[in-house]
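One structure is given here, and the rest of the page talks about it.
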Amino acid sequence: MEALQIYNSLTRKKEVFKSITPGYVGMYVCGPTVSGESHLGHARPYITFDVVNRYLQHLGYKVRYVRNITDAGHFEEEGREAEDKISNKAFLEKLEPMELVKKYTDLFHWGMKEFNTLSPSIEPTATGHIVEQIEMIKKIMADGYAYEVDGSVYFDVEKYNRDFSKKDLPYGILSGRVLEDMQESSRELENQEEKRNKVDFALWKKAPAKHIMRWMSPWGEGFPGWHIECSAMSTKYLGKEFDIHGGGMDLQFPHHECEIAQSAVCNDKIPARYWMHNNMITINGRKMGKSYNNIIKFTELFSGNHPMLDQAYHPMVIRFFILQTHYRSTLDFSNDALKAAEKGLRRLMEGFETLGILNVESPENAADATLDKKVRSLITEMDDFMNDDFGTAKVLANLFELVPVINGIKDGHIKKDAISQSTMELFKKQMQLYVEDIFGLKKVSEHAGEQLNGVIQVLIELRKEAKTKKDFVTSDRIRNELAALGILLKDEKGGNVSYQFE
RNA sequence: GGUCUUGUGGCCGAGUGGCUAGGCAGAGCUCUGCAAAAGCUCCUACAGCGGUUCGAAUCCGCUCGAGACCUCCA
């Protein structure tokens with residue numbers, strides 16, 4: 001098995017992953033801004049990094065996974081009126097800002113649970129780390145890389161770039177931008193007279209009179225700038241240098257670029273070794289995002305209550321849909337694609353379930369050496385695919401190739417002794433590992449309770465009897481009426497009957 | 001305008017220069033009282049034009065198309 005390789009946005013190539021402290025991984029992922037309901041686009045990074053987290057744990061690492069909650073509302077649009085979007089919306093909804101933040105945080109957590117993501121080890125909030133942020137800003141100022149103007153503090157990008165380029169840490173190192181080009185090309189924005197340079201960014205903003213969210217600082221009442229929370233909190237919980245920093249591609253610039261600059265001043269190094277950026281979910285070829293007005297919220301997705309949705313989609317279908325694509329590719333949303341995912345997932349999960357209850361008499365040596373070898377190779381390849389920058393799509397392809405083998409053994413056209421015992425054990429172990437433990441997939445349809453299951457079994461027995469008597473009117477009636485209720489009976493090869501809910 | 005990414009069969013999507021990705025849909029067959037499920041088989045594409053190479057979806061150039069970032073964004 002080859003070592004895990006991760007595509008590092010910083011170096012723009014795949015690199016062998018080596019953690020700073022052997023056996024441990026520190027990973028920071030930019031979390032949601034809880035000023036509104038999460039949408040499908042948000043599902044991608046959290047599901048992607050959930051799998052990264054699970055896989056690293058599988059590899060034996062003890063992972064400290066930190067994912068923040070941005071609840072401190074930063075300036076909405078710098079160029080226009082600096083305003084706190086959280087407090088602004090609170091006025092509209094007549095809620096206290098913290099009430100609003102709580103509501104959307106809870107909704108976010110609910111969504112994450114629906115997607116079956118594991119909780120991060122630490123989930124720090126920006127409002128809970130105002131002190132740390134202020135301390136960091138003070139340090140940046142003391143070092144001469146920030147200046148105060150009328151209660152606001154800005155990062156001096158030009159000076160930083162001049163000095164840190166000598167240390168091979170120019171501004172733009174992550175996104176590949178050249179400062180001079182940006183100064184020429186960046187758009188002319190209003191209300192920037194406070195800044196010495198238009199590329200400078202805010203570390204602390206003075207709170208306007210109507211601003212509700214405000215904290216005392218050495219520079220007066222205000223609120224922290226957009227980027228400082230991640231620098232402060234990642235440093236606090238993961239140290240000056242940690243292993244993986246993740247987030248959506250749209251955060252690469254300026255957010256992560258600014259984080260690097262802030263941390264470089266304070267800690268003299270790039271905060272993370274490996275920078276991972278997931279690509280966007282698009283809808284009709286366009287990025288799903290607030291600005292495009294094309295978002296589908298979790299609640300709408302799960303209920304089907306949205307003009308663009310033909311039907312409701314189960315969270316597991318979304319999860320599967322996302323894993324079917326490599327995380328660095330764009331993923332285009334469409335009803336057709338999700339419906340295909342729904343069917344595919346069902347087939348995979350049924351195969352997985354069948355494997356668990358398969359009654360085989362595996363011999364020492366496989367009766368069908370070719371098949372045995374094929375199964376083995378499909379299984380072992382999965383680790384290689386994952387180690388190649390988390391190739392979940394390819395792993396799924398292999399899992400699908402194994403499904404006919406499972407069904408074949410069940411149906412009996414593959415003999416029970418075709419596969420050796422050791423291969424069979426590996427087969428079961430790896431299916432379990434990938435389907436549930438690493439990919440976090442669960443069966444969509446719920447199981448019937450004891451009672452309902454009993455009732456269905458009675459009907460199945462009655463139908464079997466009817467069939468034996470060639471009373472097809474009765475047998476078809478049972479089947480059709482159950483089907484009308486969404487319970488699908490499936491006659492299997494050996495005379496068994498299984499059912500599924502639609 | 002600057003920086004970058006991308007263009008794969010009906011749809012969604014893997015693809016490291018040479019070997020059938022896979023899923024969904026569709027067609028045929030097997031099983032079956034019928035249907036469904038399941039199994040087997042088929043549908044073999046890489047925007048266009050050049051170039052490099054024994055060989056290119058994969059590398060290079062040009063043309064056309066799409067998108068992202070440069071402003072809050074996952």
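Comparing the same atom, P, in G1(B) and in G15(B) gives a spacing of 32 Å after rounding to whole Å. If you take atom C1' in U41(B) and the same atom in U8(B), they sit 24 Å apart, rounded to whole Å.
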Protein heavy-atom contacts under 4.0 Å, written 5' to 3' over nucleotides 34-47 of chain B as B (base), S (sugar-phosphate only) or - (none), form the string BBBBSSS-------

5' to 3', nucleotides 12-18 of chain B under a 4.0 Å protein heavy-atom cut-off (B base, S sugar-phosphate only, - none) gives SSSS---

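Remark: His255(A) pairs with Trp226(A), His227(A) by the ring pair (Phe, Tyr, Trp, His ring centres under 6.0 Å) rule, at least two apart or across chains. Take Arg463(A) and apply the side chain to side chain donor-acceptor pair (under 3.5 Å) test, not counting sequence neighbours, and it matches Asp491(A). Qualifying side chain to side chain donor-acceptor pair (under 3.5 Å) partners for Thr330(A), counting only residues two or more places apart in sequence or in other chains: none. Remark: Ser119(A) pairs with no residue by the side chain to side chain donor-acceptor pair (under 3.5 Å) rule, at least two apart or across chains. For Tyr434(A), the ring pair (Phe, Tyr, Trp, His ring centres under 6.0 Å) partners at least two apart in sequence or on another chain are Phe439(A). Under the ring pair (Phe, Tyr, Trp, His ring centres under 6.0 Å) criterion, Phe17(A) pairs with Tyr61(A), Tyr274(A), not counting sequence neighbours. Residues forming a ring pair (Phe, Tyr, Trp, His ring centres under 6.0 Å) with Phe49(A) (at least two apart in sequence, or on another chain): none. Every residue two or more places apart in sequence or in another chain that forms a salt bridge (Lys or Arg N to Asp or Glu O under 4.0 Å) with Asp106(A) is listed here: Lys102(A). Residues passing the side chain to side chain donor-acceptor pair (under 3.5 Å) test with Glu492(A), sequence neighbours excluded: Lys410(A), Ser498(A).
Taking only side-chain atoms of Ser475(A), from C-beta outward, the nucleotide of C72(B), G33(B), A25(B) with the closest atom is G33(B). The side chain of Phe472(A) lies closest to G33(B), out of G33(B), A21(B), A74(B).
For the pair Arg286(A) and A68(B), the criterion of a side-chain N or O lying under 4.0 Å from OP1 or OP2 is met. For Tyr171(A), no side-chain nitrogen or oxygen approaches OP1 or OP2 of C70(B) to under 4.0 Å.
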Give the dot-bracket string for RNA chain B, reading 5' to 3', where a pair is Watson-Crick or G-U wobble with both distances under 3.5 Å, ( ) marks pairs inside the strand, [ ] marks pairs crossing earlier ones, | marks a partner on another strand, and . marks unpaired. (((((((..(((.....[...))).(((((.......)))))....(((((..]....))))))))))))....

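Surrounding NZ of Lys339(A) are more than 12 heavy atoms belonging to other residues, nucleotides or ligands, all under 6.0 Å away.
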